[in-house]
Engineer: 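Handing you a structure now.
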Amino acid sequence: MAKTRNLTATERDEIKALLRAAGMRATGARLAVFEQLRRAKQPLTHGEIADVVAERGFDRATVYRNLTDLAEKGFAIRTDLGDHVWRFALRAGEGAHGEHPHFTCLDCGSVECLPEVDVKVIPKGKAPRALAKDDLEVQIKGRCDDCD
């Protein structure tokens with residue numbers, strides 16, 4: 001993941017206030033994880049984030065705990081795109097990834113966001129009631145342009 005500028009003092013204070021309003025401590029590790037999610041252009045794995053924040057002295061377990069805490073409090077989205085690897089992204093605000101379909105290559109495993117794609121699920125017959133709710137996750141798999 002490419003490095004970019006650090007957060008300004010104002011941005012850091014805003015994130016601290018958000019965390020505290022949700023009843024969370026604004027620890028150095030939590031701020032570092034939040035910052036990486038904010039910088040990301042696509043969902044990141046625990047390992048990708050841990051590799052970047054390791055230089056600040058944060059271990060993998062601490063990073064994972066903070067990722068799951070941020071997801072439980074609604075700051076982040078945690079998703080498995082079918083490859084049994086959790087990926088995390090901000091739910092709202094600057095750097096937010098939002099909820100939308102992703103394309104996963106069956107050969108190389110690359111993941112691409114599919115913006116501007118509407119996917120409508122219309123339940124028929126004896127489909128589970130959950131299909132009528134808006135809380136669905138769509139995963140599209142196939143071969144990417146490089147592998148095709």
Side-chain angles (χ1 to χ4, degrees), residues 1-7 11-12 14-15 18-19 22-148:
M1 175 182 357
K3 289 187 180 186
T4 57
R5 69 171 178 80
N6 289 329
L7 294 175
E11 291 169 323
R12 188 172 282 274
E14 289 170 359
I15 293 170
L18 284 171
L19 293 171
M24 300 176 79
R25 290 178 46 224
T27 64
R30 188 161 289 142
L31 290 170
V33 169
F34 200 105
E35 181 178 350
Q36 293 310 310
L37 291 174
R38 189 170 183 184
R39 290 179 176 175
K41 301 293 185 214
Q42 63 188 34
L44 299 173
T45 65
H46 159 250
E48 290 169 329
I49 296 169
D51 288 346
V52 174
V53 300
E55 64 191 36
R56 297 186 196 178
F58 303 120
D59 63 60
R60 295 175 74 81
T62 300
V63 171
Y64 189 76
R65 268 194 317 276
N66 280 287
L67 285 167
T68 56
D69 289 348
L70 290 170
E72 287 174 8
K73 291 290 186 173
F75 289 110
I77 298 165
R78 182 174 80 164
T79 187
D80 174 357
L81 300 175
D83 57 0
H84 307 292
V85 176
W86 286 114
R87 287 179 176 78
F88 299 84
L90 280 186
R91 183 178 295 278
E94 184 182 331
H97 189 69
E99 295 183 39
H100 58 264
H102 293 89
F103 175 86
T104 305
C105 180
L106 294 170
D107 287 343
C108 70
S110 66
V111 176
E112 295 180 42
C113 298
L114 296 176
E116 305 298 325
V117 174
D118 287 329
V119 178
K120 189 168 196 152
V121 177
I122 303 170
K124 293 188 178 188
K126 293 189 176 201
R129 285 188 304 272
L131 291 181
K133 297 179 181 177
D134 290 334
D135 190 24
L136 295 175
E137 188 173 318
V138 176
Q139 300 174 16
I140 301 170
K141 299 177 185 179
R143 286 201 171 114
C144 69
D145 294 342
D146 293 337
C147 293
D148 192 27

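If you're wondering where the values come from, they're calculated on a predicted model, not measured in any experiment. For reference, positions follow the sequence shown, starting with 1.
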Engineer: For residues R30 and D69, report the shortest heavy-atom separation together with the two atoms involved.
Structural biologist: NH2-OD2, 3.0 Å

Engineer: Would you find a donor on one side and an acceptor on the other, under 3.5 Å apart, between the side chain of R60 and the backbone of A50?
Structural biologist: no

Engineer: For R12, which residues count as a side-chain hydrogen bond (donor to acceptor under 3.5 Å, both in side chains) partner, sequence neighbours excluded?
Structural biologist: none

Engineer: Would you please name every residue forming a ring-ring contact (aromatic ring centres under 6.0 Å, His included) with F103, sequence neighbours left out?
Structural biologist: none

Engineer: Report the distance from atom CG of L37 to atom CD1 of I77, rounding to the nearest 0.5 Å.
Structural biologist: 10.0 Å

Engineer: When N66 is tested against each of L31, V33, V53, I49 for side chain to side chain contact (heavy atoms under 4.5 Å, CB included), which residue passes?
Structural biologist: V33

Engineer: Do L19 and L70 have side-chain heavy atoms sitting under 4.5 Å apart?
Structural biologist: yes

Engineer: Hey, what do you get for CD (E35) to CD (E11), rounding to the nearest 0.5 Å?
Structural biologist: 8.5 Å

Engineer: So, K141 and D107, do they make that salt bridge, N to O below 4.0 Å?
Structural biologist: no

Engineer: Taking A22's backbone N and O only, do any of them form a donor-acceptor pair with K73's side chain (distance below 3.5 Å, no angle check)?
Structural biologist: yes

Engineer: First locate atom CG of L67, then atom CZ of F34, and finally report the distance between them rounded to the nearest 0.5 Å.
Structural biologist: 11.5 Å

Engineer: Would you say that more than 12 heavy atoms from the other residues, nucleotides or ligands in this model lie under 6.0 Å from the CZ of R143, or not?
Structural biologist: no

Engineer: Would the number of heavy atoms belonging to other residues, nucleotides or ligands and lying under 6.0 Å from CZ of R25 be above 12?
Structural biologist: no

Engineer: How far apart are the closest heavy atoms of M24 and F75, and which atoms are they?
Structural biologist: SD-CE1, 3.8 Å

Engineer: Identify the heavy atoms of C144 and C105 that sit nearest to each other, and give their distance.
Structural biologist: N-SG, 3.4 Å

Engineer: Go through V63 and Q36 one step at a time and tell me if the side chain to side chain contact (heavy atoms under 4.5 Å, CB included) criterion holds.
Structural biologist: CA-CA 11 Å; V63 171; Q36 293 310 310; over 6 Å; no

